Amino acid sequence: MEDHTQMSWKEDNIISQLHNSVDNATTAVGQAQSHPTEQLIQQAQKMIEHADRSVTNALQNRGNLEPISRLQEQLNQNKEKLNRLH
């Protein structure tokens with residue numbers, strides 16, 4: 001029983017961290033779209049790279065769960081938006 005609780009907590013933590021990373025990337029991309037300065041574009045790229053690492057980590061640790069897939073899709077949309085600024 002204790003192992004199940006531990007796994008559930010770890011899963012929630014990984015997904016929560018991924019969610020935060022994707023949210024940060026979404027915010028950064030939105031700022032870059034509003035004010036497309038080189039600094040904001042670079043910041044958005046950094047946030048996307050960080051979120052990409054979080055997606056990879058979540059997929060390796062938890063597999064292809066629905067919340068991870070949904071967040072990965074959101075991240076891919078952010079990448080497309082940022083690419084349109086270049």
Side-chain angles (χ1 to χ4, degrees):
M1 188 78 159
E2 190 173 345
D3 288 341
H4 177 71
T5 303
Q6 186 69 13
M7 289 302 290
S8 178
W9 178 84
K10 284 183 180 180
E11 180 178 312
D12 290 346
N13 192 38
I14 288 169
I15 292 173
S16 177
Q17 288 174 349
L18 174 57
H19 200 284
N20 288 338
S21 294
V22 173
D23 282 349
N24 290 340
T26 300
T27 299
V29 169
Q31 289 173 343
Q33 284 180 306
S34 296
H35 306 289
T37 64
E38 190 60 34
Q39 181 180 6
L40 289 177
I41 291 171
Q42 286 178 358
Q43 181 65 21
Q45 287 172 331
K46 280 185 185 179
M47 296 306 235
I48 285 175
E49 289 169 5
H50 179 77
D52 259 338
R53 289 190 299 274
S54 294
V55 166
T56 300
N57 181 44
L59 289 171
Q60 287 174 349
N61 288 305
R62 301 306 314 151
N64 198 10
L65 298 174
E66 194 275 330
I68 296 171
S69 297
R70 194 169 7 100
L71 290 166
Q72 187 177 27
E73 179 57 34
Q74 183 179 344
L75 180 59
N76 289 337
Q77 291 172 3
N78 285 322
K79 288 178 187 179
E80 290 174 17
K81 290 176 185 177
L82 188 61
N83 284 335
R84 286 186 221 132
L85 292 177
H86 291 297

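Everything numeric in this text was worked out from a predicted model, so none of it was measured.
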Might you confirm whether atom CD of Q39 has over 12 heavy atoms from other residues, nucleotides or ligands at distances under 6.0 Å? no
Starting at CD of Q45, measure out to CG of N83 and round the result to the nearest 0.5 Å. 8.5 Å
Do you know which of N20, N13, I15 makes side chain to side chain contact (heavy atoms under 4.5 Å, CB included) with Q17? N13
For the CD atom of Q43 and the CD atom of Q31, what is their distance to the nearest 0.5 Å? 8.0 Å
Check the pair N57, N61 against side chain to side chain donor-acceptor pair (under 3.5 Å), reporting the backbone distance first and the verdict last. CA-CA 6 Å; N57 181 44; N61 288 305; 2.5 Å; yes
Between atom CG of L75 and atom CD1 of I68, what is the distance when rounded to the nearest 0.5 Å? 13.0 Å
Is it the case that the side chains of Q74 and T26 hold a donor-acceptor pair, with the cut-off being a distance below 3.5 Å and no angle test? yes
Partners of A32 by side chain to side chain contact (heavy atoms under 4.5 Å, CB included), sequence neighbours excluded? L40, I41, A44, L82, L85
So if you build clusters from Ile, Leu, Val, Met, Phe, Trp, Tyr with side-chain heavy-atom gaps below 4.5 Å, do V29 and V22 land together? yes
Same cluster for L71 and I48 if Ile/Leu/Val/Met/Phe/Trp/Tyr side chains link at under 4.5 Å? yes
As an exercise, state the distance from NE2 of H19 to CG of N24, rounded to the nearest 0.5 Å. 11.0 Å
Would you check, one step at a time, whether the test side chain to side chain contact (heavy atoms under 4.5 Å, CB included) holds for E38 with Q42? CA-CA 6 Å; E38 190 60 34; Q42 286 178 358; 3.4 Å; yes
CD (E80) and CG (N76) are apart, to the nearest 0.5 Å, by 7.0 Å
Rounded to the nearest 0.5 Å, how far does OG of S54 lie from CE of M47? 10.5 Å
Check whether any side-chain heavy atom of K79 lies under 4.5 Å from a side-chain heavy atom of D52, and answer yes or no. yes
